[in-house]
Amino acid sequence: MNQERLLQIILTPHISEKATVAADKQNVYVFQVVESASKPEIKDAVEFLFNTKVKAVRVVNVRPKKKLFRGVKGERKGWKKAYVTLQSDQKLDIVGAH
């Protein structure tokens with residue numbers, strides 16, 4: 001796969017309470033990825049960027065959230081989230097990787 005494409009697939013790590021618990025207990029890390037990314041591309045990108053071995057990838061399309069502000073209807077953007085499970089002997093330090 002093209003090295004330039006691998007660098008563009010992962011946008012940011014998704015830091016939340018649920019993601020932190022999953023990382024501690026199940027070795028699962030959550031990333032915000034490009035909408036056009038597929039599971040094999042996400043796997044290759046994580047292995048390339050973090051030099052780890054990926055066991056599985058699950059993908060969720062987060063729906064746009066409808067909002068109301070002073071009577072004006074609007075919508076937040078939707079995005080794609082990837083749950084990446086690493087091999088049992090692998091770890092990532094996403095919080096300290098600022």
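If you're wondering where the values come from, they're calculated on a predicted model, not measured in any experiment.
Between Lys80 and Asn61, the closest heavy-atom pair is CG-OD1, 3.5 Å. The two residues Val59 and Lys39 make their nearest non-hydrogen contact at CG2-CG, 3.7 Å. Nearest heavy-atom pair across Asn27 and Gln87 is ND2-O, 2.8 Å. Among all heavy-atom pairs drawn from Tyr29 and Ala23, the shortest one is CE2-CB, 3.7 Å.
Hydrophobic cluster of Leu11: the remaining members, joined at side-chain heavy-atom separations below 4.5 Å, are Val34, listed by chain and number.
Atoms CZ and CD1, from Arg5 and Ile9 in turn, are 4.5 Å apart once rounded to the nearest 0.5 Å. We find the CD-CD1 distance between Glu41 and Ile10 to be 11.0 Å, quoted to the nearest 0.5 Å. Note that NZ of Lys43 and OG1 of Thr52 are 10.5 Å apart. Values are rounded to the nearest 0.5 Å.
Heavy atoms of other residues, nucleotides or ligands lying less than 6.0 angstrom from CD of Glu4 number 12 at most. A 6.0 Å sphere centred on CG of Asp89 holds more than 12 heavy atoms belonging to other residues, nucleotides or ligands.
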Please tabulate, one pair per line, all N/O donor-acceptor pairs under 3.5 Å involving side-chain atoms of residues 62-71, not counting sequence neighbours.
| unit_1 | atom_1 | unit_2 | atom_2 | d |
| --- | --- | --- | --- | --- |
| Lys66 | NZ | Glu75 | OE2 | 3.0 |

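Residue pairs that meet the ring pair (Phe, Tyr, Trp, His ring centres under 6.0 Å) test with at least one member in residues 72-91, sequence neighbours left out, are His14-Trp79.
You'll find the side chain of Leu86 reaches within 4.5 Å of the side chain of Val54, heavy atoms only. At a threshold of 4.5 Å between non-hydrogen side-chain atoms, the residues Leu6 and Leu49 do not count as touching. Looking at heavy atoms from C-beta onward, Gln8 lies out of side-chain contact with Ser36 at the 4.5 angstrom threshold.
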The test is side-chain contact (heavy atoms from CB on, under 4.5 Å); show your working for Val28 and Arg58 and say whether it passes.
CA-CA 10 Å; Val28 175; Arg58 292 177 291 146; 4.1 Å; yes

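Cluster annotation: Val21 is not connected to Phe31 through the hydrophobic network of ILVMFWY side chains, with a link wherever side-chain heavy atoms come within less than 4.5 Å.
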